[in-house]
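Take a look at the structure set out below.
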Amino acid sequence: MRVAVIFLNYGRQDLSPETLRHNLSNSGYPFDFFCVSVKGIGEAINTGLRMAPGYDAYMTMANDILEPDNWLYWRVNAAKHVPNAGLIGYPFDKARKHFDYTDVIGNLFFTKEVLDKVGAFNTSMGDYAPIDNDYNRRTIAAGFVNLYLPNAIAKHLRPNDD
């Protein structure tokens with residue numbers, strides 16, 4: 001599975017080098033990297049998707065979220081083995097013992113099939129609106145299931161940032 005990682009390099013630029021070094025060194029799976037410095041979450045993701053056509057899967061990566069070891073390997077594995085997998089991520093709060101079929105926020109992994117059926121990310125709600133919640137609703141409506149992976153968490157470096 002060919003994966004494009006779309007690094008969203010906006011907002012707190014001081015976090016980007018630390019996050020990038022950490023996340024890119026422990027993915028556990030090969031990927032192609034695209035860096036986007038466009039303001040607004042939805043617009044940045046959509047820009048990255050236009051920069052990376054033809055991949056089997058896509059991973060959005062914020063500049064303020066540290067991923068656990070082998071973060072991409074386990075997402076690809078889930079996409080291959082969970083029927084109708086939609087958005088795949090790691091929780092911020094506590095590790096799950098099993099797949100947790102729920103709304104996924106944070107760094108999002110999804111296949112080309114999801115993108116083809118659900119479409120681009122919403123840019124009409126504002127630059128830093130809850131676009132992941134909107135995409136969760138749309139993936140479910142398209143017949144997919146969204147899930148958090150078990151046994152690890154992602155660390156949001158600015159958990160109380162509004």
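Residue indices begin at 1 and follow the sequence shown.
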Any chance the side chains of [X] and [Y] put a donor and an acceptor closer than 3.5 Å?
X      : Y      : value
Asn63  : Thr19  : no
Thr102 : Asp100 : no
Asn26  : Glu67  : no

*Would Asn9 and Val36 count as a side-chain contact (heavy atoms from CB on, under 4.5 Å) if you check the C-alpha gap in whole Å, the side-chain angles of each, and the deciding distance to 0.1 Å?*
CA-CA 6 Å; Asn9 189 37; Val36 180; over 6 Å; no
Nearest heavy atoms of [X] and [Y], plus distance in Å:
X      : Y      : result
Ala152 : Pro91  : O-CD, 3.7 Å
Asn136 : Asp103 : OD1-CA, 3.2 Å
Ala85  : Val114 : O-CG2, 3.6 Å
Ala79  : Phe109 : CB-CE2, 3.6 Å
Leu87  : Asn146 : N-OD1, 2.8 Å
Ile131 : Asn122 : CG2-O, 3.3 Å

Can you find a pair of side-chain heavy atoms, one from [X] and one from [Y], that are under 4.5 Å apart?
X     : Y      : value
Arg96 : Asn151 : no
Val3  : Asp32  : no
Met59 : Leu108 : no
His22 : Leu66  : yes
Phe92 : Ile105 : yes

What's the separation between atom [atom1] in [X] and atom [atom2] in [Y], rounded to the nearest 0.5 Å?
X     : Y      : atom1 : atom2 : result
Leu8  : Lys39  : CG    : NZ    : 15.0 Å
Asp93 : His156 : CG    : NE2   : 13.0 Å
Lys80 : Met1   : NZ    : CE    : 6.0 Å

*Check whether NZ of the Lys or CZ of the Arg Arg2 lies under 6.0 Å from the centre of the six-membered ring of Tyr55 and within 45 degrees of that ring's axis.*
yes
*Sidechain N-carboxylate O distance under 4.0 Å for Arg50, Glu43*: yes
With sequence neighbours left out, write down each residue that passes side-chain contact (heavy atoms from CB on, under 4.5 Å) with [X], or none if nothing qualifies.
X     : answer
Tyr73 : Tyr29, Asn70
Leu49 : Ile6, Ile45, Asn46, Tyr58, Phe110, Leu115, Phe121
Ser27 : Phe31, Trp71, Leu72

_Set out, in order, the CA-CA distance, both residues' side-chain angles and the distance that settles side-chain contact (heavy atoms from CB on, under 4.5 Å) for Tyr135 and Ile140, then state yes or no._
CA-CA 9 Å; Tyr135 214 76; Ile140 291 167; over 6 Å; no
_I'd like to know if the side chain of Asp134 reaches the main chain of Thr123, judged simply by a donor and an acceptor atom lying under 3.5 Å from each other, with no hydrogens or angles considered._
no
*Would you kindly confirm whether Leu149 and Ile153 end up in one hydrophobic cluster when ILVMFWY residues are joined by side chain heavy atoms under 4.5 Å apart?*
no
*Apply side chain to side chain donor-acceptor pair (under 3.5 Å) to Asn107 and Thr60, showing your working.*
CA-CA 5 Å; Asn107 291 339; Thr60 67; 4.8 Å; no
*Derivation and outcome, side-chain contact (heavy atoms from CB on, under 4.5 Å), residues Phe34 and Val5*: CA-CA 6 Å; Phe34 299 86; Val5 171; over 6 Å; no
*asked:* One pair to check against side-chain contact (heavy atoms from CB on, under 4.5 Å): Tyr101 and Val82. What are the steps and the verdict?
replied: CA-CA 11 Å; Tyr101 296 95; Val82 174; 3.9 Å; yes
